[in-house]
Novice: 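Sharing a structure here in structure tokens format.
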Amino acid sequence: MTSDSLDLFGKRIDPAVVRSVPVMVPLPVAGPYSYAVPEGMAVMPGSVVQVPVGPRKVIGIVWDEAGDAVDPKKLRPIEHVFDCPPVAEEMRRFIAWVSAYTLTPPGLVARMAVRAPAALEPEPMIEGLTLTGTVPERMTPARKRVLELAQDGAGWTRLGLARAAGVSASVVETMMKQGVFDTVFLPPPPAFGTPDPDYARPALSPDQDAAAEDLRVAVAADSFNVTLIDGVTGSGKTEVYFEAVAETLARGKQVLILLPEIALTASFLDRFESRFGTRPGEWHSDLAPRMREKVWRQTAEGSIRVVAGARSALFLPFEELGLIVVDEEHDTAYKQEDRVFYNARDMAVVRARIGGFPAVLASATPSVESQVNALAGRYRRIHLPGRFAEAALPSLKTVDLRRDPPKRGGFLSPTLLSEIDRTVGRGEQALLFLNRRGYAPLTLCRVCGHRFQCPNCSSWLVEHRFRGRLMCHHCGHGEPVPEACPECGTLDHLVACGPGVERIAEEVEQHFPEKRTIILSSDMAGGVKRLRLELEAVANGEADIIIGTQLVAKGHNFPLMTLVGVVDADIGLANGDPRAAERTFQLLAQVTGRAGRTGLASKGLIQTYQPAHPVMQAIVSGDAEAFYDREITEREKSGLPPFGRLAAVIISADNRSDAEAHARGLRAASPAGRSISVLGPAEAPLALVRGRYRFRLLVHGSRADDLQTFLREMLENGPRQRGSVRVQLDIDPQSFL
DNA sequence: ACACTTGGCGAA
DNA sequence: TCGCCAAGTGTG
């Protein structure tokens, strides 16, 4: 090969005449790479292709604009164009926007849109049968039945026909051999039925009907708008936004319903089915690979009209999306905190804006930022005033733990215990809520005071008595509970401090030994499947007293539940998180909302040391508006999100001392009023989880060269992308509208 | 992201 | 001097 010709496809070609296209490859690089298009290959922007990168092959998307220019001699050919609909222009713009906003290399965002590799080729055709007109050599009753069924036409498979006729497969086989049937190839049947907007129109209350009409208007406008719909749990938000879904379907467009942790909300699929006559397409992380492919493909081809999915469903290749609903919009599960950092609720709004269609955010306890957007008029607001039909709101009271303390060694106050007694005595269910897994959140040695700490991340190890282990809830580290203190060697002097759900269960069993007690905790053995079964068992009344963590706050319906006791409402109020009050309010409102859904009179008792705290006041009085107003004012005062400017930077480097050195330089360069914190790789995620920082920076030690310049520039001009440095905005409600 | 190369350090 | 592993580099 001479230096100025290119050995492409075995022919020498003048590089000047090789056609090349930009291809977005799934690598953390600044832009698309250029590839040669072999003669006879047809590609267009959006085509999904296989290209070589170094020694491996990757899936890429043909892009619109070229990246950095490259020496034509380096061009390598596209190896394959997948036989699937090209990634739509809307989706490509969305990918580019998300990349810029989250400061993630575009290739890594693009990768999320083509993550069902086998779906890129058409689904294999199914072998079907048609009648040839030939009659069987001997007519038997079985053969006759088969023939009769086959008359009515299309789409029989060998097995399906045999089964429908009630004969064995060999009957059909023999008939085929005799030439009665021809085999034809049929397209595979759609994995999901077509939802019918008129299947079961619900009976709505006047309030709900007005809200539904309001949403229908928003959908009918056929343009970008955002509606925030709120109302207490049980007020019928789902029924109302289903009407927006129906309207969109009637207009021939597809719908995406985002749900947090869909794996656990089977009841949602049932509700959808009873309204629309069929289940929606499902999309979440533990979907079987085969189903994943089907859903991806059929969403792209338009045979799936509605997808209910977790946050990653935002990147599905809808053919003609016309509405996104974000249910439980306040839920933190919408934040993806690895690789590409994004909040699916915000990106859903962006997706809608790019597509020019409406978005609906629904929650009984909206996030403060959505509240702000509604108040500022950027979002339309629909409020559902009360519960529907006979369902009464629980009457809520605080229990002042200072005046009404539990017995020594216990965590349940006499007031709460006697209320549990009364409730289960009537054959109803009581839920005790405590957002702490395990037995005790801290273990120490009574002799020397040694506290068990995680070797990786400096948080306390949580005792799990069932498993006999000490676990780190932050990084997953676990070790057996030792018999002797590792510090002073004393035997049997370890003491558990504070309650976890296991310990509350122990206390409950002491008081109510004859009652059926169950713990519902996300880390119980048996995983998601078992948990789903247990939730169902509880709903069917197979337990009297339920002790649950956070997950019981999430949308499950327990018809017999008439008492909710919050064991310690103050958890999480004093952890330095600027959103602590908001989170606590949401959690308490959601968990107390579990009671009384089917009309039985119900109660909520909230144990707290701070009955005068604004959160407790708001919960007990039901005055959410006042609480939000206060929260917003507080944030304005403190300059915290969503109103603040850059508050802090976390540097997480492989090498802590490198990070410190960078930070020293940065502090010198930083404009006044902006603080910078440096945390090592282990501490940074913990601080982020606690929400103390608005900005994060993950710096990979080996690529830190540009860090100094990058950060200085960012502090002065706002975020930009550079190298492999990644920055995430926590919340900034104005910047994406 | 991932495969490959480089360079620093401990054992031979 | 070798061999190993962490750090660094390039991919079209």
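Remember, predicted model here, so these are calculated numbers, not experimental data. Chain A is the first sequence line, chain B the second, and so forth, proteins listed ahead of strands; every chain is numbered from 1.
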Novice: Could you please name the option among dA1(B), dA3(B), dT11(C) that lies closest to any side-chain atom of Pro55(A)?
Specialist: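 Comparing dA1(B), dA3(B), dT11(C) against the side chain of Pro55(A), the answer is dA3(B).
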Novice: Just by distance, do the side chain of Gln254(A) and the backbone of Ile304(A) share a donor-acceptor pair under 3.5 Å?
Specialist: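 Yes; judged by distance alone, with no hydrogens or angles, the pair exists.
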Novice: Nearest-Å distance, CG (Leu27(A)) to P (dT9(C))?
Specialist: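 For the pair Leu27(A) CG and dT9(C) P, the rounded distance is 18 Å.
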Novice: Quick one: ring-ring contact (aromatic ring centres under 6.0 Å, His included) pairs with a partner in residues 296-322 of chain A, sequence neighbours left out?
Specialist: Phe94(A)-Phe315(A), Phe315(A)-Tyr342(A)
Novice: Side chain of Val53(A), heavy atoms from C-beta onward: which of dT11(C), dG12(C), dA1(B) has the nearest atom to it?
Specialist: dT11(C)
Novice: CZ of Arg111(A) versus P of dT11(C): gap in Å, rounded?
Specialist: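 Those two atoms, CZ and P, are 20 Å apart.
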Novice: So Asp71(A), base contact, sugar-phosphate only, or nothing? Heavy-atom distance under 4.0 Å.
Specialist: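 Nothing, no nucleic acid heavy atom in range.
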Novice: Locate the shortest heavy-atom distance separating Cys84(A) from Arg297(A); write the atom from each residue and the value.
Specialist: CB-NH1, 3.3 Å
Novice: Just how far, in rounded Å, is P of dG12(C) from CE of Met24(A)?
Specialist: 16 Å
Novice: Under the 3.5 angstrom rule, does the side chain of Gln336(A) hit a backbone N or O of Arg311(A) as a donor-acceptor pair?
Specialist: no
Novice: With sequence neighbours left out, what residues match Val49(A) under side-chain contact (heavy atoms from CB on, under 4.5 Å)?
Specialist: Val23(A), Val43(A), Ser47(A), Val51(A), Val62(A), Ile78(A), Val81(A)
Novice: Nearest to the side chain of Leu108(A) - dG12(C), dA3(B), dA1(B)?
Specialist: dA1(B)
Novice: Nearest-Å distance, CD (Gln50(A)) to P (dG12(C))?
Specialist: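 That distance rounds to 14 Å.
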Novice: Would you state whether a donor and an acceptor, one from the side chain of Arg56(A) and one from the base of dA1(B), lie under 3.5 Å apart?
Specialist: yes
Novice: Whole angstroms only, please: what is the NZ-P distance between Lys74(A) and dG10(C)?
Specialist: 10 Å
Novice: Output the rounded distance in Å from NZ (Lys57(A)) to P (dT11(C)).
Specialist: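 It works out to 17 Å between those atoms.
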Novice: Once you round it to whole Å, what is the distance between P of dG12(C) and OH of Tyr35(A)?
Specialist: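 From Tyr35(A) OH to dG12(C) P: 6 Å.
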Novice: Using a 4.0 Å heavy-atom cut-off across all strands, classify Pro22(A) as base, sugar-phosphate, or nothing.
Specialist: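 Result for Pro22(A) = nothing.
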Novice: Can you check the Ile59(A) CD1 to dT11(C) P distance for me, whole Å?
Specialist: 22 Å
